[in-house]
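The next block holds one structure in the form of structure tokens; read it before the comments.
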Amino acid sequence: MQDGFHREINYLRVSVTDRCNLRCFYCMPPHGVPTIPHAEVLRLEEMTRLVQAAALVGVKKVRVTGGEPLVRKGLTAFVEALAAIPEIDDLALTTNGILLAERAKELKAAGLKRVNVSLDSLRPEKYARITRGGDLAKVWAGIEAALALEMHPVKLNTVLLKGFNDDEIVALAALTLRFPLHVRFIELMPLGACRPWAADYFLSAGEAWETIEKNLGSLHEVRKLVGSGPARYYRLAGAPGTVGFITAVSDHFCDRCNRLRLTAGGGLRACLYDERELDVKAALRRGASLEELARLVVRAIAGKPGRHRLGEAGEGGGQKAMSRIGG
Ligand code: SAM
């Protein structure tokens with residue numbers, strides 16, 4: 001359905017857990033963030049019901065995220081349940097990839113179409129530092145598993161961090177010359193742990209673009225890539241993969257935003273940067289009908305703001321880490 005700004009809202013991101021097996025320094029403090037008590041986290045059956053209701057009012061695309069979705073027990077059965085909803089024609093997962101190699105096959109068999117893997121460095125030691133302990137070899141094995149299973153397009157998400165991984169932009173973009181991978185450079189958003197210092201580490205997508213063209217040649221615009229939302233995609237000459245840019249801060253794409261989020265705690269959030277959430281847990285737990293739940297989805301869509309103000313003077317996102325909202 002359309003929101004108040006004539007945008008078709010057909011994409012729901014479902015955060016299945018606020019827990020994560022990594023502690024990326026821009027996302028969480030070293031000790032993590034307080035997690036939601038188990039009883040407060042929606043059961044996967046409740047999330048399935050909410051997706052069924054959202055499908056009734058036009059949601060066609062679902063992304064499973066977190067926290068780290070692969071740490072949630074019962075995820076494969078959940079994917080299977082979502083894949084069985086006739087209206088859902090695109091079902092994807094965003095993961096840090098640590099557990100992907102061991103799970104990819106069963107997830108694909110359950111109906112998962114594709115994966116986005118977050119990867120901010122190609123150097124094992126630096127990857128471990130950014131993630132506070134992550135093992136790059138495991139992530140790479142996960143990416144290879146997704147490619148081997150042809151879960152195309154396999155996308156990599158790289159957050160641009162000035163002074164930290166700007167020396168790897170060329171190597172990351174060059175992956176697209178060797179593999180059918182879609183490497184997306186994402187601007188650091190002032191949310192969660194990095195809110196106080198995000199501006200110091202900020203590197204614009206435009207700067208990354210210049211670095212790539214200077215070192216690897218021209219980037220040619222690609223018209224359509226499955227699931228292409230806010231990213232704009234380009235191809236280096238002869239590359240099987242593409243390079244994407246997500247300019248969340250320098251050039252917001254709110255006029256093209258088609259998403260709604262369901263948090264692990266049962267809040268419907270219409271904008272990543274807007275703290276307001278519509279509680280659906282209470283309705284789910286008192287056994288509301290699908291029609292009633294659909295009306296709540298409609299209400300959340302109707303409240304979607306026209307645009308966010310992130311990046312403007314003095315404006316930051318909320319204190320909540322992306323792990324709580326569902327990045
Ligand atoms: N654990 C999964 C993963 O790592 O992909 C899913 C959740 S994670 C919060 C989703 C994405 O949000 C990751 O690609 C992460 O790098 C990104 N992210 C977290 N905090 C961010 C920030 N402040 N700005 C930009 N991206 C951020």
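Counting starts at 1 for both ligands and their atoms, following the listed order. All of these numbers come straight from a predicted model, not from anything done at the bench.
Some N or O of Glu68 is nearer than 3.5 Å to an N or O of ligand 1, by distance alone. Between Pro190 and ligand 1, a contact under 3.5 Å exists for no N or O pair. Between Thr94 and ligand 1, a contact under 3.5 Å exists for no N or O pair.
Residues forming a salt bridge (charged side-chain N to carboxylate O under 4.0 Å, His left out) with Arg7 (at least two apart in sequence, or on another chain): Asp3. Legend: residues meeting salt bridge (charged side-chain N to carboxylate O under 4.0 Å, His left out) with Glu125, ordered by chain and number and at least two apart, are Arg129.
The atoms of ligand 1 that sit less than 4.0 Å from any heavy atom of Cys194 are 23 (N). Heavy-atom contacts of Tyr26 reach the following atoms of ligand 1: 15 (C), 16 (O), 18 (N), 19 (C), 20 (N), 21 (C), 27 (C) (cutoff under 4.0 Å). Near Leu188, meaning under 4.0 Å from any of its heavy atoms, are these atoms of ligand 1: 22 (C), 23 (N), 24 (N). Taking every heavy atom of Glu187 and a limit of under 4.0 angstrom, the matching atoms of ligand 1 come to 25 (C). Atoms of ligand 1 found under 4.0 Å from any heavy atom of Gly67, numbered from 1 in the order shown, are 1 (N), 2 (C), 6 (C), 7 (C). Each of the atoms 6 (C), 7 (C) of ligand 1 lies under 4.0 Å from some heavy atom of Thr65. Here is the list of ligand 1 atoms found below 4.0 Å of a heavy atom in Gly66: 7 (C).
Counting heavy atoms closer than 4.0 Å to ligand 1, residue Thr95 contributes backbone atoms (N, CA, C, O) but none from C-beta onward. With a 4.0 Å heavy-atom cut-off, ligand 1 is reached by the side chain of Val159 but not by its N, CA, C or O.
At a cut-off of 3.5 Å, with distance as the only test, a side-chain donor of Thr94 or Arg63 sits close to an acceptor on the other residue. Between Glu68 and Asn21, the side chains place no donor N or O within less than 3.5 Å of an acceptor N or O (distance only, hydrogens not considered).
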From CA spacing to verdict: side chain to side chain contact (heavy atoms under 4.5 Å, CB included), Val139, Ile98: CA-CA 5 Å; Val139 182; Ile98 295 284; 3.8 Å; yes

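Considering NZ of Lys126 and CG of Asp120, their distance stands at 10.0 Å, rounded to 0.5 Å. Taking CG of Leu172 as the reference point, atom OG1 of Thr158 lies at 4.5 Å (rounded to 0.5 Å).
Across every non-hydrogen atom of Ala239 and Thr176, the tightest pair is CB-O, 3.3 Å.
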